[in-house]
Chemist: 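The structure follows.
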Amino acid sequence: MERKEERSLNFLERIIEDDLANGRVPDNLIVTRFPPEPNGYLHIGHIKSICLNFGLAEKYGGRCHLRLDDTNPEKEEIEYIEAIQRDITWLGFDWGDHLYHASDYYDQLHRIAVNLIEEGMAYVDSLTAEQVKEYRGTLTTPGRNSPDRDRPIEENLRLFEEMRQGKHPEGSYVLRAKLDMASPNINMRDPALYRIKFASHPRTGDKWCIYPMYDFTHPISDAIEGITHSICTLEFEDHRPAYDWATSIDGIGHTPHQYEFARLNINYMLMSKRRLLNLVKLGIVSGWDDPRMPTITGIRRRGYSPESLKDFVARVGVAKVESVVDYNLLEFCAREDLNKRAKRVMVVLDPLKLVITNYPEGETEWFDAENNPEDPDAGTRKIPFSRELYIEREDFMEVPPKGYHRLYPGNEVRLKHAYYVTCTGVIKDAQGNVKEIHCTYDPQSRGGTTEDKRKVKGTSHWVSAAHAIEGEIRLYDKLFSAEYPGARTGNYLDDLNADSLVVVSTAKLEPSLKDARPGEYLQFIRNGYFMADSRDHAEGKPVFNRTVTLKDSWSKKAAKLE
RNA sequence: UGGGAUGUAGUGUAAUGGUAACACUGCAGAUUCUGGUUCUGCCUUUAGGGGUUCGAAUCCCUUCAUCCCAGCCA
């Protein structure tokens, strides 16, 4: 008997399976949609929604539409529309022929609005924005009907047509649904359906000067596309009655249902397009694709794989409880994925010259180095070894603390893939800084092991001085140093991490790195995971971004010894 | 003295009337040609109070806490 390891269903899967089992889904075809507004770049929070919508459709053999919710021409741009598609494709999802825009439905939406007026279910209101607010009442007191609420149908029709023709200035009129001004739910107090905006739309240009509102557009767009399960975030829970109202308008003919889940929050990160846009505008980051940004494009440039991000989202799960996921989980997912796929390579970030005094001058040996101990199929590469090398400055200490098993006078360590060396001397400059260290090597340890199998506790990475190439290494860290940016002072800019980017220009890289290119996952042994920068990396001028550090249990221990 | 939602280890998420669990974090240790990986162990959980029941995280009552809503944004 086979034992199936069944992952428990999340609440959305449960709803869908129940709907399917009870014949509530037309043609048994699940149809979902991912409906971003093209007013900014997609960020990691959107990945959750993307994975949910595309993932659910995939799991139940349905389809998922990509619909750009472009009903506010003042904020939306073609640049964003294009970036959104690029990002979703990079994640590995495909909407096939089902790319839509809310603006595709402007004609239908307009017709439905006119019908509503004819049915006496919508009216043109001349109240100012200020007055509308006043008439709406408050959270605890009911609203009052607008004096225009009973405007004759003919007049409503005429005014709405004049609005469309551009005969009235912005703000002079608005089309409203006639629902219930006394509703305890503010969204039902005669919501606006159309407003006047003399703004050129990225897709429809100047065809329209009235634009439909979310509560009208979104549900009807869903209905038009035959969406069965319309999944959105918690803050739209209050809009569900409006959603249900719109989808039940005569002639709509299809009834999708809205379900809400908790959006993704991660500590030390900002997840709001508005605030991210602000970081870009203020020049705090280099752009939407700055590797410190939580945008998909930024994370990608940083060196994350789509697989690790999807895994992350899957581990986070879906529920209706608002939650804050630990940044550690993101890094864990990155490391787990990168450990399996990254090519190992040796780079010394902070070089310290090491001279092997008993090694012949002018000689070069080429060692075979495995590319990935986790993947035998990854093969090997050649690395040059010679008398003068660079090792990491922190891999040597003249006076080591307890537990330090790297290089110090008299101690023997392994140079990865090469030889054992023993420190025999320290050369200092006039100020007493260690300039260079001298070692002897054991020719018997060639390749990194000896026949006597004696233990060396430390293994250092190194680069041959004569063969090393130079490059710029960008060490990225969290953009914010506070778990909840802005919680302390009310201004998230007060919590920027001053060390979120450290540029290292002194690094010595093994020569094979001259062939590195963006998209290739790398591990700089003992330093972290890196990727060539997709913007600035060039032949002869390498630039690498640190995706994430390796787990480092030594520095923790060392800190405790203090 | 409005409406809508939600409360399970530090953080996420399971268990849907039958032994509270998985992952991450943290802490120990083993292994290791990366102080990485891998492996082992440990820590800590049903918001409070009542009730129903042989039995409650789960059902009922009640209290408390948190989040969202008063754009002509989405």
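In what follows, chains are A, B, ... by sequence order, proteins preceding strands, each numbered from 1. Predicted model only: the values in this text are computed from it and were never measured.
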Chemist: Within the 4.0 Å heavy-atom criterion, would you say A:Glu37 contacts the bases, only the backbone, or no part of the nucleic acid?
Modeler: sugar-phosphate

Chemist: How far does the P atom of B:A21 sit from the matching atom of B:A57, given to the nearest Å?
Modeler: 13 Å

Chemist: Taking the six-membered ring for Trp, does A:Tyr214 stack with B:A74 (centroid gap under 5.5 Å, planes within less than 30°)?
Modeler: no

Chemist: Assess whether one donor atom and one acceptor atom, taken from the side chain of A:Arg335 and the base of B:G36, lie less than 3.5 Å apart.
Modeler: no

Chemist: Map A:Met213 and A:Leu9 onto RNA chain B by nearest heavy atom, then report which one ends up closer to the 5' terminus.
Modeler: A:Leu9

Chemist: Could you tell me which nucleotide pairs with B:G12 by Watson-Crick or G-U wobble geometry, both distances under 3.5 Å, or answer none if nothing does?
Modeler: B:C22

Chemist: Under 4.0 angstrom, heavy atoms only, what part of the nucleic acid is A:Arg406 near: base, sugar-phosphate, or nothing?
Modeler: base

Chemist: Considering Watson-Crick and G-U wobble pairs with both distances under 3.5 Å, what does B:A65 pair with?
Modeler: B:U6

Chemist: Verify the contact: side-chain N or O of A:Ser553 to OP1 or OP2 of B:G36, cut-off strictly under 4.0 Å; return yes or no.
Modeler: yes

Chemist: Do A:Tyr441 and A:Tyr420 make the cut of ring centroids closer than 6.0 angstrom?
Modeler: no

Chemist: Please classify the glycosidic conformation of B:G51 as syn (within 90° of 0) or anti (everything else).
Modeler: anti

Chemist: Can you see which heavy atom on A:Leu109 is nearest to which on A:Pro212, and at what distance?
Modeler: CD2-CG, 4.2 Å

Chemist: Applying a 3.5 Å limit to both distances, which nucleotide forms a Watson-Crick or G-U wobble pair with B:G29?
Modeler: B:C39

Chemist: In whole angstrom, give me the gap between the P atoms of B:G7 and B:U16.
Modeler: 16 Å

Chemist: Touch check for A:Arg414, heavy atoms < 4.0 angstrom, all strands: base, sugar-phosphate only, or nothing?
Modeler: base

Chemist: I'd like to know if A:Asp238 reaches the base of B:G3 with its side chain, counting only an N/O donor and acceptor under 3.5 Å.
Modeler: yes

Chemist: Does B:U44 pair with anything, Watson-Crick or G-U wobble, both distances under 3.5 Å, and if so, with which nucleotide?
Modeler: none

Chemist: For B:G17, give its Watson-Crick or G-U wobble partner with both distances under 3.5 Å, or none.
Modeler: none

Chemist: Remember a base hit wins even if backbone is also touched, and classify A:Thr449 as base, sugar-phosphate or nothing at under 4.0 Å, heavy atoms.
Modeler: base

Chemist: With both distances under 3.5 angstrom, what nucleotide forms a Watson-Crick or G-U wobble pair with B:A57?
Modeler: none

Chemist: For A:Phe236, report the nucleic acid contact type (base, sugar-phosphate, nothing); a contact means any heavy atom under 4.0 Å.
Modeler: base

Chemist: Kindly say if A:Lys556 contacts the phosphate of B:C27, meaning a side-chain N or O under 4.0 Å from OP1 or OP2.
Modeler: yes

Chemist: Looking only at side chains, do A:Ser555 and A:Asp552 share a donor and an acceptor under 3.5 Å apart?
Modeler: yes

Chemist: Using the P atom in both, what is the distance from B:A20 to B:A28, to the nearest Å?
Modeler: 31 Å

Chemist: Less than 5.5 Å between centroids and less than 30° between ring planes, does A:His405 satisfy that with B:G35?
Modeler: yes

Chemist: Taking only the C1' atom of each, what is the distance from B:U44 to B:A23 in whole angstrom?
Modeler: 15 Å

Chemist: Could you tell me whether A:His417 contacts a base, only the sugar-phosphate backbone, or nothing, with contacts defined as non-hydrogen atoms closer than 4.0 Å?
Modeler: base

Chemist: Just checking A:Lys551: base, sugar-phosphate only, or nothing, at a heavy-atom cut-off of under 4.0 Å?
Modeler: sugar-phosphate

Chemist: Could you tell me whether the phosphate oxygens of B:G3, OP1 or OP2, come under 4.0 Å of any side-chain nitrogen or oxygen in A:Arg189?
Modeler: no

Chemist: Does a side-chain N-to-carboxylate-O contact under 4.0 Å join A:Glu260 and A:Arg240?
Modeler: yes

Chemist: Students often get this wrong, so: under 4.0 angstrom with heavy atoms, is A:Pro35 touching a base, only sugar-phosphate, or nothing?
Modeler: nothing

Chemist: For A:Gly403, report the nucleic acid contact type (base, sugar-phosphate, nothing); a contact means any heavy atom under 4.0 Å.
Modeler: base

Chemist: Over how many whole Å does the gap from A:Leu234 atom CG to B:A5 atom P extend?
Modeler: 10 Å

Chemist: With A:Lys478 as the cation and A:Tyr268 as the aromatic partner, state whether NZ or CZ is under 6.0 Å from the six-membered ring centre and within 45° of the axis.
Modeler: yes

Chemist: Mark yes or no: A:Arg341 above the aromatic ring of A:Tyr521, with NZ or CZ under 6.0 Å from the six-membered ring centre and no more than 45 degrees from the axis.
Modeler: yes

Chemist: Is there a donor and acceptor pair, one atom on the side chain of A:Glu322 and one on the base of B:G12, closer than 3.5 Å?
Modeler: no

Chemist: Among A:Tyr194, A:Tyr173, A:Tyr123, whose ring-ring contact (aromatic ring centres under 6.0 Å, His included) with A:Phe160 holds?
Modeler: A:Tyr194

